[in-house]
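Notes for the one structure printed next.
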Amino acid sequence: MEPAVHQTGITLTGELEHDLFLLKEKFDRCSDIVCRTICSGNQEIAVAVYLDGLVDDMRIESELIKPLMSQSELFANPGRDAQLELPLHAIAHADQFETTDHIEDATTAVCKGATAVLISGVPQIHLAYLKKWEQRAVEEPITEAVIRGPRDGFIENLRVNTTLIRRRLPTADLKMEPMQVGRISRTELAIVYLDSIVMPGLVDEIKSRISRIDMDAVLESGYIEEMICDSHFTIFPQMISTERPDRVAASILEGRAAIIVDNTPFVLIAPSLITDVLQANEDYYQNFIVSTIMRWLRLILTFCALTFPSIFIAVSTFHQEMIPTTLLLSIASSRENVPFPALVEALLMEAAFEALREAGIRLPRPAGQAVSIVGALVIGQAAVQAGIVSATLIIVVSFTGIASFIFPLYNQGLAIRMLRFPLMLMAGMLGLYGIFLGLLLLLAHLCKLRSFGVPYLTPLSPLHVSDLKDVFVRAPWTHMTKRPAATGKVNRRRMVKLPPRPEPPV
């Protein structure tokens, strides 16, 4: 067998000691590298090299080492062909098996959980994938809990996540194209879509944008989301980030594509539209009338979460004539001892509320609950008694805080929460005119926004009348026979209209 020379000039000779030295040199000062020598009698016939903690030790023993030792008679009088066939036969039970003569490729594979097998007299490295490492069980996602619906959520393993989607869409039409990003992390990801439904050009555009990423490491899907979105200068998410497989499957059925990134439970969906703020998974599992009422409640609370504090500032500061006299007297009496204007008072309380919410999230769960109780009851009551803020504003901030919890997706709610502050400033300077001006600027920004070429306000602007049945209302399934026009252009028909209902027997 001729020595193999790869591109960097490092030569594999088939001599165990030499080839093992080349491989171990790459893992110098790596204490978790394991080299297991396999002997037949007094002769060293092979060496298995792997990283401790990434492989299944039991399977290496039973499916790699023992089969190699059972073939030891071939090493006693090996022929050239026998030497090449031997490892293929011995490692046939591995999850994945491949051969390389590149040290760099072998090093990368070992870092990903492969076991490199060096065989005496063979100037190649055989890679057997017998991975095993600890991972979280599939459980209900914390950020997207539902009363009715599936309880499984994505975890940090790419293959488990693709399986959760495949179970819901068991068809060969479901494509999963692999990619890799990150020079050091070499993070694996998969672009998932239905080939006969996906929006034209969407997958190519996603692949093109991802292929332009050149950075050291991608540790979470948020890295990719920020680098492949259409516009960086916006607070609105241009991709859906979800932990729920049913939401991903439903989006794929609408003609969208998903990006599953290894080592994170958050899957990206593109494109994202403004109407996603209103749509929760449960809307499609419950009665459509109830879902429509809940969707309107969500719409009203979204408006409240965005504008309620600013309206209070504007009305109490510039437009007192709009408040009934009794209520005006009540507000005035509650603010009698407060030394700050309404704007400062509201900014202080909103900032305190956001601080308490962030502290409650970051702290351990028992401590987080304690902080929330202390913040809501003790600090709020004490602030009123000390005359720092008024009781009326406490009610306004509390209602706004509750309203900001209704968003089905966390990052979309985050955008609405942050937009409250500039609106409050504009209300404090210009009153209701400031609020209208702020909302007008916000609308202009949303009109300009795109998500993978799709206008963010679709189907409201440009108007798609047929898609409105799933925006402000949730029409019965029997009436949603077509996919959304913006993403389901290739195959519009979602279902065949039901035949007339048969008459019940008399």
Side-chain angles (χ1 to χ4, degrees), residues 142-145 222 225-226 229-243 247 266 268-269 271-283 294-314 343 346-361 372 393 395-428 432 434-451 455-458 460-461 471-472:
I142 298 174
T143 57
E144 296 174 79
E225 179 182 2
E226 187 169 330
C229 64
D230 289 55
S231 174
H232 298 286
F233 300 101
T234 179
I235 198 170
F236 290 94
Q238 295 159 71
M239 301 181 76
I240 300 173
S241 175
T242 179
E243 291 185 83
R247 177 180 278 272
F266 288 94
L268 304 174
I269 300 172
S272 173
L273 308 176
I274 188 68
T275 51
D276 295 328
V277 177
L278 300 175
Q279 298 170 343
N281 287 43
E282 281 180 292
D283 291 352
M294 293 305 297
R295 195 167 285 188
W296 271 98
L297 180 64
R298 231 172 272 139
L299 178 64
I300 294 169
L301 289 178
T302 300
F303 184 76
C304 290
L306 179 63
T307 61
F308 199 34
S310 53
I311 290 175
F312 173 78
I313 294 170
L343 173 61
L347 286 174
L348 282 175
M349 282 310 299
E350 285 291 347
F353 186 83
E354 292 298 331
L356 285 171
R357 175 152 47 186
E358 284 301 305
I361 294 172
S372 301
L393 188 69
I395 296 172
V396 171
V397 172
S398 302
F399 179 74
T400 308
I402 292 170
S404 64
F405 283 120
I406 56 96
F407 300 103
L409 297 171
Y410 179 77
N411 56 350
Q412 291 170 338
L414 202 59
I416 300 295
R417 282 165 50 194
M418 294 302 108
L419 283 172
R420 280 207 302 264
F421 291 93
L423 276 181
M424 288 162 61
L425 290 173
M426 297 188 77
L432 288 178
I435 297 175
F436 291 140
L437 179 61
L439 293 177
L440 193 62
L441 292 174
L442 182 60
L443 183 61
H445 174 68
L446 290 172
C447 287
K448 186 182 175 186
L449 213 55
R450 297 284 187 278
S451 176
Y456 201 58
L457 290 180
T458 304
L460 304 175
S461 176
V471 177
F472 299 114

Residue pair Glu243 / Thr143, side-chain donor-acceptor N/O under 3.5 Å |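 Distance-only check passes for Glu243 and Thr143.
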Please assess Ile435 against Met426 for the test side-chain contact (heavy atoms from CB on, under 4.5 Å), listing each intermediate value before the final yes or no.
-> CA-CA 6 Å; Ile435 297 175; Met426 297 188 77; over 6 Å; no
Hey, what do you get for [atom1] ([X]) to [atom2] ([Y]), rounding to the nearest 0.5 Å?
X: Arg450; Y: Asp230; atom1: CZ; atom2: CG; answer: 9.0 Å
X: Leu457; Y: Leu443; atom1: CG; atom2: CG; answer: 6.5 Å
X: Ser404; Y: Leu414; atom1: OG; atom2: CG; answer: 10.0 Å
X: Phe266; Y: Met239; atom1: CZ; atom2: CE; answer: 14.5 Å
X: Leu460; Y: Leu273; atom1: CG; atom2: CG; answer: 9.5 Å
X: Thr234; Y: Lys448; atom1: OG1; atom2: NZ; answer: 10.0 Å

Any side-chain heavy atom of [X] sitting closer than 4.5 Å to one from [Y]?
X: Phe353; Y: Met349; result: no
X: Leu347; Y: Glu350; result: no
X: Pro408; Y: Arg247; result: yes
X: Tyr456; Y: Ser461; result: no

Of all heavy-atom pairs between [X] and [Y], which one has the smallest distance, and what is that distance?
X: Leu268; Y: Ser241; result: CD2-CB, 4.3 Å
X: Arg420; Y: Pro309; result: CD-CG, 3.9 Å
X: Pro237; Y: Glu225; result: CB-OE2, 4.2 Å

For residues 295-308, dump all side-chain donor-acceptor pairs below 3.5 Å to protein atoms at least two apart in sequence or in another chain.
| from | atom 1 | to | atom 2 | distance (Å) |
| --- | --- | --- | --- | --- |
| Arg295 | NE | Asp283 | OD2 | 3.3 |
| Arg295 | NH1 | Asp470 | O | 3.0 |
| Arg295 | NH1 | Asp470 | OD1 | 3.1 |
| Arg295 | NH1 | Val471 | O | 3.4 |
| Arg295 | NH1 | Val473 | O | 3.2 |
| Arg295 | NH2 | Asp283 | OD2 | 3.0 |
| Trp296 | NE1 | Phe472 | O | 2.9 |
| Arg298 | NH1 | Leu278 | O | 2.4 |
| Arg298 | NH1 | Asp283 | OD2 | 3.1 |
| Arg298 | NH2 | Asp283 | OD1 | 3.2 |
| Thr302 | OG1 | Arg298 | O | 2.6 |
| Thr307 | OG1 | Phe303 | O | 2.7 |

If you count the non-hydrogen atoms of other residues, nucleotides and ligands that lie under 6.0 Å from CZ in Phe436, is the total more than 12?
->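 Incorrect, the count does not exceed 12.
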Would you mind telling me which of Asn411, Leu442, Val277 makes a side-chain contact (heavy atoms from CB on, under 4.5 Å) with Phe236?
-> Leu442
Counting only N and O atoms by type, is there a donor-acceptor contact under 3.5 Å from the side chain of Gln238 to the main-chain atoms of Ser231?
-> yes
For the side chain of Ser451 and the backbone of Pro271, is there at least one donor-acceptor N/O pair under 3.5 Å apart?
-> no
Tell me, please, which residues at least two apart from Glu358 pass salt bridge (Lys or Arg N to Asp or Glu O under 4.0 Å).
-> Arg362, Arg417
Looking at residues at least two apart in the chain, or sitting in another chain, which of them share a side-chain hydrogen bond (donor to acceptor under 3.5 Å, both in side chains) with Glu144?
-> Thr242
